[in-house]
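Down below is the structure, laid out as structure tokens.
Side-chain atoms are counted along with the backbone in the values below, which use heavy atoms only and exclude waters and symmetry mates. All values derive from a computational prediction rather than experimental measurement. Counting convention: from 1, in listed order, for ligands and their atoms alike.
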Amino acid sequence: MLASRWQAFSSSIFSKMSQMAAAHQAVNLAQGFPDFDGPAAIKEAAIQAIRGNFNQYAPSTGLGELRRQLAKRQAEQYGLTYDFAGEVTVFSGATEAIFCCIMGLCGPGDEVLTFEPFFDCYPAATAMAGAVLKTVPLRAPDWSFSVDELRAAVTSRTRVLLLNSPHNPSGKVFNRQELQSLADLAQEKNLIVITDEVYEELFFTPARHLPIARLNGMRDRTITISSTAKTFSLTGWKVGFTFADKKLTELIRIPHQYTVFCSATPLQAGMIAAYQLGQDYYLDFREQYTRRRDTLLGILRKHGFTCKAPEGTYFITADYSQIQDIPDMEFAAWLTEKVGVACLPISSFYLDAENARKNLRLVRFAFCKEVETLEEAGRRLAERLPRALAERT
Ligand code: PMP
């Protein structure tokens, strides 16, 4: 019998949709993993690390040289300075970092405030700490929010404001003014900000990523989380990291030490090479993603979806109400089975999925795929969508 604290959770929608995609040989635009590989130099560095006997436990906080590189990059990129020894920590992916942050900071009855829709591990991480997740909506189609609504949701038990920018699944990149309003609220209510910035390099002009830790007074109350998964197309490596003031860092290193202890040593060694890549890597990275985004946007719009160009991430949230008026789970299953293109129902990113299913007609498509893969999805939509629709009526 599943322990009670897990009973609200079932097999994740990412696994379900990927299984369904495999069963129907669908183009899998549901789960956000690239169908291309990360830079050869990083892979080679990890292979060399294994051959060079870098195979025993790393320090729990992460390989010193990797943390030094991470601190250097955070300083160069954003002007944020952290002492690599006491303020930078390596985790097994951003996911583990999120869990350790919440477990380290929150106890039973404490509250974590976040925007909805949200990345799926936030409720689980909160529940495992015995804490309570409270949400305030980002409202489609522009994903705007009200700070007053957020302020009204703060209670004497609220410890953490959990942010995610660029934001999955909406593709929103919070702008300076929005971040300033959140920073003001955090200072007014004395909240710790945990900010999930795994898509920090995935923004599209004119949007730009700004870490909330950059704003006045925020560095020392913010834990910034990022990961190598998206930036270097290495989602299977699960190497994530945090930047935070020494006192906050001490709190999140404890759960890490007693759960994972340390992230895989040779992969950490490989990641050191990632930070030797020059600006060209990032420019090319964004250029390629802009092409992928525009390709998929064109395809979806051509076939009846209504979608805004995302400002960041590698997701497009598409309104399908012009195609069918059915709940999103049904629509995603139908598209996967009958058209051979898999996507994710947006309701799975809400606490009250039932209600979201009733009110929203949105699905999420991932474009971290070769242009040929996206074009194959386009061909299937062209060939099979009219037929599938005719069959239904
Ligand atoms: N946060 C967000 C918003 C994500 O979309 C993801 C990956 N889908 C993660 C965290 C997890 O990152 P990692 O693979 O490094 O654990």
State, with a plain yes or no, whether a side-chain heavy atom of Leu344 is found less than 4.5 Å away from one of Phe14.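 Yes; the side chains approach each other to less than 4.5 Å.
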If the threshold is 4.0 Å, N to carboxylate O, is there a salt bridge linking [X] and [Y]?
{"X": "Arg151", "Y": "Glu188", "value": "yes"}
{"X": "Lys72", "Y": "Glu76", "value": "yes"}
{"X": "Asp37", "Y": "Lys43", "value": "yes"}

[X] to ligand 1: N or O pair under 3.5 Å?
{"X": "Asp196", "answer": "yes"}
{"X": "Asn168", "answer": "yes"}
{"X": "Ile98", "answer": "no"}
{"X": "Tyr122", "answer": "no"}

Which residue owns the protein heavy atom closest to [atom], what's the atom, and how far is it?
{"atom": "atom 12 (O) of ligand 1", "answer": "Ala94 CB, 3.5 Å"}
{"atom": "atom 5 (O) of ligand 1", "answer": "Tyr199 OH, 2.6 Å"}
{"atom": "atom 6 (C) of ligand 1", "answer": "Phe119 CZ, 3.4 Å"}
{"atom": "atom 7 (C) of ligand 1", "answer": "Lys230 NZ, 2.6 Å"}
{"atom": "atom 11 (C) of ligand 1", "answer": "Thr95 OG1, 3.3 Å"}
{"atom": "atom 15 (O) of ligand 1", "answer": "Ser227 OG, 2.6 Å"}

If we only consider heavy atoms of Glu96, is any one of them less than 4.0 Å away from an atom in ligand 1?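 No heavy atom of Glu96 comes that close to ligand 1.
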Please confirm whether Phe14 comes under 4.0 Å of ligand 1, counting heavy atoms of the residue only.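 No, Phe14 has no heavy atoms under 4.0 Å from ligand 1.
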CG-CG distance between Leu267 and Leu234, expressed to the nearest 0.5 angstrom: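 Separation between the atoms: 9.0 Å.
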Which value, rounded to the nearest 0.5 Å, describes the distance between Met17 atom CE and Leu29 atom CG?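 Met17 atom CE to Leu29 atom CG measures 10.5 Å (nearest 0.5 Å).
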Decide whether Arg67 and Thr61 meet the rule of one side-chain donor and one side-chain acceptor closer than 3.5 Å.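 Yes.
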In ligand 1, which numbered atoms sit nearer than 4.0 Å to a non-hydrogen atom of [X]?
{"X": "Gly93", "value": "15 (O), 16 (O)"}
{"X": "Lys238", "value": "13 (P), 14 (O), 16 (O)"}
{"X": "Asn164", "value": "3 (C)"}

May I have the list of side-chain donor-acceptor pairs in residues 45-59 shorter than 3.5 Å, sequence neighbours left out?
from: Gln48; atom 1: NE2; to: Glu44; atom 2: OE2; distance (Å): 3.0
from: Asn55; atom 1: ND2; to: Ile50; atom 2: O; distance (Å): 2.9

So which of Phe285, Tyr275, Trp237 actually passes ring-ring contact (aromatic ring centres under 6.0 Å, His included) with Phe232?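 Single pass found, and it is Tyr275.
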By the definition side chain to side chain donor-acceptor pair (under 3.5 Å), identify the one residue from Glu197, Arg73, Glu200 that meets it with Ser226.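 Answer to the side chain to side chain donor-acceptor pair (under 3.5 Å) test with Ser226 among Glu197, Arg73, Glu200: Glu200.
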